[in-house]
Amino acid sequence: MSTEITPAPRRWSLTLGASAAAAALLLTACGDDAEGGGDAAAEGDVGSMDAEFITIGTGGSSGVYYQIGATMSDMLAGELDADTSVQATGASAENINMMTDGDAEMIFAMGDAVVQAGEGSGPFEDEPRDNLMALAALYPNTVQVVATEASGIESIEDLAGRSVAVGDVGSGVELNARTVLDAHGLSYEDLNEDFLSYAEATDQMANGHIDAAFVTSGLPNPTLTELGTNTDFIVLPIEGEGAENLLGDYDYFAEDVIPGGTYLDDEDVTTVGVTNHLMISADLSEDAGYDIAAALFDNLERLHGSHSAAEQITLESVTEGLVVPLHPGAQRYFEEQGVELD
């Protein structure tokens with residue numbers, strides 16, 4: 001049994017109540033006609049791999065995915081006597097590619113990236129991914145657009161003409177950045193975009209080299225907490241027509257709030273969020289999926305201790321916002337726990 005933390009080279013990297021239309025689209029891509037995540041899993045095709053070796057694709061080493069993934073890796077190593085590793089990656093899109101290429105057994109991915117993977121759009125243009133399955137819905141990723149106080153930026157529209165970090169190329173953060181900008185009538189042509197990780201973005205903000213950054217993660221994001229120790233910044237609201245466009249055009253977005261005191265803002269900030277998915281390879285057998293689900297959800301207290309965002313992971317919410325079916329093994333485990341999967 002061993003647990004290894006391995007950085008991976010960068011390549012390219014829903015909320016509660018995601019629409020039936022989006023789910024149906026993904027379930028069709030997975031070759032299943034059932035409407036709910038729980039129902040669909042029973043008919044999904046899974047392989048025969050056991051859980052002896054488990055690689056977990058997360059996100060940047062300074063992000064929430066990585067912190068929670070590292071704890072999951074330790075838990076699976078201990079509970080299943082498995083050889084596990086956690087990889088720092090460019091997050092959602094890269095992770096989906098890793099899993100469907102057979103380079104990871106479990107990954108973190110935001111719901112919008114999962115939708116695009118199933119329909120063959122965005123970074124998966126004309127190359128849809130088949131048989132995508134989830135172990136569980138995790139917690140909402142909150143879209144946090146931050147700007148240094150010195151920049152004078154007060155709104156999303158004010159980003160025009162400014163230097164803005166938009167996440168790693170093809171990451172879930174970058175997908176969000178493109179979508180949020182478009183909903184406000186902006187594009188990369190209107191600003192100076194910089195493809196940076198969270199840690200790189202906050203370093204550049206602290207040094208005065210960029211004005212703002214997109215950070216889509218659980219609350220609080222550790223790099224923003226660190227930024228607040230030496231640099232005054234504000235969180236830009238996503239509200240009004242921009243928010244209406246996002247909520248009306250994309251069913252995987254939902255209203256969200258960054259509570260006052262999370263960072264340097266005294267008042268709550270209105271924004272939007274996207275549900276995080278813990279995805280699992282369809283190559284893993286039903287028994288392997290069951291064992292992995294049991295190892296994690298039988299020990300929720302330890303999982304909650306990995307990061308404050310993980311405290312939102314509960315048995316009751318494992319299907320909320322899912323846009324793909326549950327792995328049959330996870331479905332069997334949750335049914336045994338009395339979880340309503342309809």
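In plain terms, the two heavy atoms of A201 and A213 that are nearest each other are CB-CB, 4.0 Å. Across all non-hydrogen atoms, the minimal contact from P123 to Q116 is CD-OE1, 3.5 Å. The nearest pair of heavy atoms linking A137 to L322 is N-CD2, 3.6 Å. Closest approach of M99 to E105, counting heavy atoms only: SD-O, 4.5 Å. Scanning both residues, L132 and P325, for their nearest heavy atoms gives O-CD, 3.7 Å. Considering all non-hydrogen atoms of both residues, E286 and H327 come closest at CA-CE1, 3.8 Å.
Counting only distance, with no hydrogens or angles, the side chain of S306 and the backbone of R302 share no donor-acceptor pair below 3.5 Å. Remark: the backbone N or O of A288 is not paired with any side-chain donor or acceptor of D291 at under 3.5 angstrom. Side chain of D211 to backbone of R162: no donor-acceptor contact under 3.5 angstrom is found. Side-chain N or O atoms of N276 include none that pairs as donor or acceptor with a backbone N or O of L138 at under 3.5 Å. The closest donor-acceptor contact from the side chain of D268 to the backbone of G260 lies under 3.5 Å. Side-chain N or O atoms of S197 include none that pairs as donor or acceptor with a backbone N or O of G60 at under 3.5 Å. Distance alone, capped at 3.5 Å, places no donor-acceptor pair between the N207 side chain and the H209 backbone.
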Notebook entry, point to check: Could you go step by step and tell me if I54 and M106 meet the side chain to side chain contact (heavy atoms under 4.5 Å, CB included) rule?
Noted result: CA-CA 7 Å; I54 302 171; M106 292 170 57; 3.9 Å; yes

Notebook entry, point to check: Are R129 and N97 close enough, and set up right, to give a side chain to side chain contact (heavy atoms under 4.5 Å, CB included), and what steps lead you there?
Noted result: CA-CA 9 Å; R129 303 300 191 262; N97 286 332; 2.5 Å; yes

Next item on the list: List the steps, then state whether side chain to side chain contact (heavy atoms under 4.5 Å, CB included) holds for V143 with V180.
Entry: CA-CA 9 Å; V143 180; V180 170; 4.2 Å; yes

Next item on the list: Just do the side-chain hydrogen bond (donor to acceptor under 3.5 Å, both in side chains) check on T89 and Q87 with the steps written out, would you?
Entry: CA-CA 6 Å; T89 70; Q87 289 198 1; over 6 Å; no

Checklist line | Trace of the side chain to side chain contact (heavy atoms under 4.5 Å, CB included) decision for T271 with T142 | finding: CA-CA 7 Å; T271 185; T142 302; 3.5 Å; yes

Checklist line | Stepwise side-chain hydrogen bond (donor to acceptor under 3.5 Å, both in side chains) test for Y290 and E336 | finding: CA-CA 10 Å; Y290 179 95; E336 289 182 3; 2.5 Å; yes

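Atom CG of D203 and atom OG of S62 lie 9.0 Å apart (nearest 0.5 Å). Interatomic distance, NE2 of H304 versus CD of E311, reported as 7.0 Å (0.5 Å rounding). Here the CZ atom belonging to F53 is positioned 13.0 Å from the CG atom belonging to L80, to the nearest 0.5 angstrom. The distance from the CD atom of Q67 to the OG atom of S217 is 10.0 Å, given to the nearest 0.5 Å. If you take CD1 on I56 and CG on L76, they are separated by 5.5 Å, rounding to the nearest 0.5 Å. Here the OG1-CD1 distance, from T148 to I153, works out to 6.5 Å after rounding to the nearest 0.5 Å.
For the side chain to side chain donor-acceptor pair (under 3.5 Å) criterion with S73, the lone passing option out of T58, T55, T84 is T84. Among D112, V272, L246, V114, the one residue that satisfies the side-chain contact (heavy atoms from CB on, under 4.5 Å) test with Y252 is D112.
In this structure, the side chains of L219 and Q144 come closer than 4.5 Å at one or more pairs of heavy atoms. Inter-residue side-chain proximity for S151 and M205 is flagged as unmet; no heavy-atom pair is nearer than 4.5 Å. Counting heavy atoms from C-beta outward, D45 and N131 have side chains that approach closer than 4.5 Å. Considering only heavy atoms from C-beta on, E320 stays 4.5 Å or farther from P140 through its side chain. With contacts defined as side-chain heavy-atom distances shorter than 4.5 Å, the pair L135/L296 qualifies. Residues D194 and Q204 form no side-chain contact, since every pair of their non-hydrogen atoms from C-beta on lies 4.5 Å or further apart. Within the 4.5 Å cutoff, side-chain heavy atoms of M75 are placed close to those of T71. Two residues are said to be in side-chain contact when any heavy atoms from C-beta on lie closer than 4.5 Å; F108 and S92 fail this criterion.
Side-chain polar atoms of N95 and Y65 form no donor-acceptor pair below 3.5 angstrom. A side-chain donor-acceptor contact under 3.5 Å links T216 and N176.
Under the 4.5 Å side-chain heavy-atom criterion for grouping Ile, Leu, Val, Met, Phe, Trp and Tyr, L159 is not connected to L175 through any hydrophobic cluster. Linking Ile, Leu, Val, Met, Phe, Trp and Tyr whenever their side-chain heavy atoms come within less than 4.5 Å puts V145 and L186 in one cluster. In terms of hydrophobic clustering, with Ile, Leu, Val, Met, Phe, Trp and Tyr side chains grouped at heavy-atom distances under 4.5 Å, V257 and V146 are assigned to different clusters. Taken together through direct or relayed side-chain contacts under 4.5 Å among Ile, Leu, Val, Met, Phe, Trp and Tyr, L247 and V115 form part of one hydrophobic cluster.
Annotation for E154: atom CD does not count as buried by contact number, only 12 or fewer foreign heavy atoms lying within 6.0 Å.
When the ring pair (Phe, Tyr, Trp, His ring centres under 6.0 Å) test is applied to F214, no partner is found at least two apart in sequence or on another chain.
Remark: R332 engages D287 in a salt bridge, criterion side-chain N to carboxylate O under 4.0 Å.
Between F297 and Y333, the two ring planes are tilted [angle within 30° to 60°]. Aromatic ring orientation, Y250 versus F253: perpendicular (interplanar angle above 60°, classes split at 30° and 60°).
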Please tabulate, one pair per line, all N/O donor-acceptor pairs under 3.5 Å involving side-chain atoms of residues 226-241, not counting sequence neighbours.
unit_1, atom_1, unit_2, atom_2, d
T229, OG1, E226, O, 2.5

